Amino acid sequence: MMPLEYFIFVMITFLLTAAQCEEIEVFAEAGSQAVLPCKCSPLYPYIPAILWSKADTGTVWRKQRSGLQFWGSIWSPKVTQRRIKCPHSKFEKGDFSLHINNVREEDGGVYSCRVEHGDRVILKVVTLRITQVSVSSLVPVWGSDVSISCKVTPWPPGASVRWTLNNSPFVPQTGIASNGGTTKNAVSEKATARLTGNWTCVVDYKGKELRASAALTVKGVIHPSKDDTKVYAAVGSAVTLPCVFSPGLIPSNPVWEKLRPGFLFKPTPGRLPSSFSSSKLFSQLPSDQSASLKEVGLEDEGRYRCSGSIEGQQVTRNMQLVVAKIHSSVPSQAKGSETLTCQLTDSSEVTDYEWVHVEYDLNGTRSVGSIQKGKTVSVSKVSEENHGEWACRFYGKDGILGNVTYHIQRMSRLSGQKSVGVSHNTAAMVGLSFLLIVLLLVLAQMYKNHQRRKRIFQYPALETIVHTVSNEREERERNKVKN
Ligand SMILES: *[C@@H]1O[C@H](CO)[C@@H](O)[C@H](O)[C@H]1NC(C)=O
Ligand SMILES: *[C@@H]1O[C@H](CO)[C@@H](O)[C@H](O)[C@H]1NC(C)=O
């Protein structure tokens with residue numbers, strides 16, 4: 001190797017003085033096409049001889065004056081499927097540029113182009129630098145270590161590296177590890193959702209910006225995509241607590257827990273609600289570990305955690321169930337009207353409330369009346385058209401979060417039903433008490449009888465004696481009468 005390099009160096013130095021020469025730098029991202037320029041003033045009438053060579057591997061391609069072409073062994077069309085091309089159509093214009101398709105890291109290096117025609121020799125030296133972003137794992141699991149490195153081969157002296165993620169500057173949490181400014185500038189992070197996206201390494205070099213990109217996807221729970229996502233449900237309704245893993249990901253030992261309040265930093269599992277169900281539906285994919293609550297109660301609000309193990313890595317997602325209910329009160333100064341208030345166990349993300357009256361026509365088609373803004377609404381029960389269903393819709397900054405409904409009943413029917421209900425109950429209670437007393441009396445009597453019999457049986461001999469004595473006495477009396 002050494003003698004060849006030395007030879008090239010000597011040759012270049014020699015030719016530098018003999019012919020016109022300049023040093024050019026070309027940057028190409030791995031996988032793209034690189035064009036290594038080699039241009040001079042038009043050369044006819046002569047047919048030139050062209051030689052493209054690389055400092056470390058020798059001949060790339062050459063063409064003799066006769067028209068015969070040769071490829072270097074590693075560049076042979078048989079081996080590389082014509083990765084290189086020197087378009088003949090441009091020769092007339094004095095353009096002998098070399099095109100390299102699908103460049104690789106090992107293509108980086110110093111090339112020279114030598115054009116010989118007549119007694120003139122033109123030499124160009126081109127440095128090709130390949131930029132590349134490589135990721136330790138293209139689809140790392142949430143929580144695992146991932147490193148993203150920026151390579152430029154050969155490394156341009158004095159260059160510095162910046163990173164952008166989805167086109168905005170990325171500030172690494174652990175700092176950019178720079179390997180002495182030679183070949184590697186890497187970001188090492190714990191994989192989380194914030195690392196997902198398009199990574200671009202920007203190399204600042206001689207006032208130019210060179211770029212290379214790679215896409216990164218972090219495997220884990222994709223829905224909900226963030227921890228502490230709020231799930232809204234109305235009291236008494238059913239709700240799904242989502243927990244969907246990346247497609248094709250099947251977590252082992254999936255677990256659902258309800259976290260006890262007050263343990264923000266070290267969550268402790270508590271009891272799951274009674275209507276909680278994590279059993280899968282047939283339609284559900286193995287990557288979907290969503291659970292449901294059949295009937296949400298006010299006490300079910302709070303934080304829930306879904307977790308599973310992926311490739312030995314524990315992946316968890318916390319979420320918060322927010323329960324909505326309507327509080328109704330009758331203001332003392334305004335009889336015949338009802339005040340409805342929309343209440344949420346956590347309203348920190350709610351920006352707006354609105355109330356609508358839901359109406360049904362004879363066909364059962366639903367329509368909503370006019371919208372009233374605000375958390376509280378005052379409804380006159382005297383007015384017929386206010387009876388029926390009222391819904392409170394609540395909104396966050398990104399749109400509707402949910403709704404909760406309440407029924408206002410006709411005043412007369414409401415009170416009537418109540419009293420009927422009460423009298424029914426009273427009659428039932430009285431009847432039941434009576435039965436109970438009778439039963440108790442019967443039981444008491446039975447017990448008494450039983451006790452008495454037991455007492456007699458305890459002394460059977462005594463009974464016989466008594467019996468005999470009384471019989472003797474009777475006989476004696478009878479005899480007395482006879483006498
Ligand atoms: C109910 O449905 C029938 C037929 O579908 C239609 O002709 C009628 O107009 C509907 N009535 C109302 C009040 O929407
Ligand atoms: C309340 O939410 C349910 C479910 O999202 C929806 O079907 C219904 O139309 C909503 N009701 C109102 C009055 O907005």
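We count ligands from 1, going down the list as the structure has it; atoms in each ligand are counted the same way. Because the structure is a prediction, the values reported are computed rather than measured.
- Annotation: atom 12 (C) of ligand 2 to nearest protein heavy atom, Asn403 ND2, 3.3 Å.
- Just one residue in the list Lys219, Arg317, Lys190 forms a side-chain contact (heavy atoms from CB on, under 4.5 Å) with Trp142, and that residue is Arg317.
- Minimum heavy-atom separation, Ala234 to Val296: O-CB, 3.9 Å.
- The proximity of Glu354 to ligand 2, defined as any non-hydrogen pair under 4.0 Å, does not occur for either the backbone or the side chain.
- Of all heavy-atom pairs spanning Leu249 and Ser287, the tightest one is O-CB, 3.1 Å.
- If you check which protein heavy atom lies closest to atom 7 (O) of ligand 2, you get Arg366 NH2, 4.8 Å.
- Within ligand 2, counting atoms from 1 as listed, the ones closer than 4.0 Å to a heavy atom of Ala391 are 13 (C).
- Counting only heavy atoms, the protein gets under 4.0 Å from atom 9 (O) of ligand 2.
- For the residue pair Ser337/Ser380, the side-chain donor-acceptor check at 3.5 Å is not satisfied.
- Assignment of Glu389 to the shell around ligand 2 is not supported, since no heavy atom sits closer than 4.0 Å.
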Next item on the list: Carefully, step by step, assess Phe91 and His88 under the rule ring-ring contact (aromatic ring centres under 6.0 Å, His included).
Entry: CA-CA 5 Å; Phe91 288 180; His88 291 43; 4.8 Å; yes

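- When distances from atom 5 (O) of ligand 2 to the protein are checked, no heavy atom turns up under 4.0 Å.
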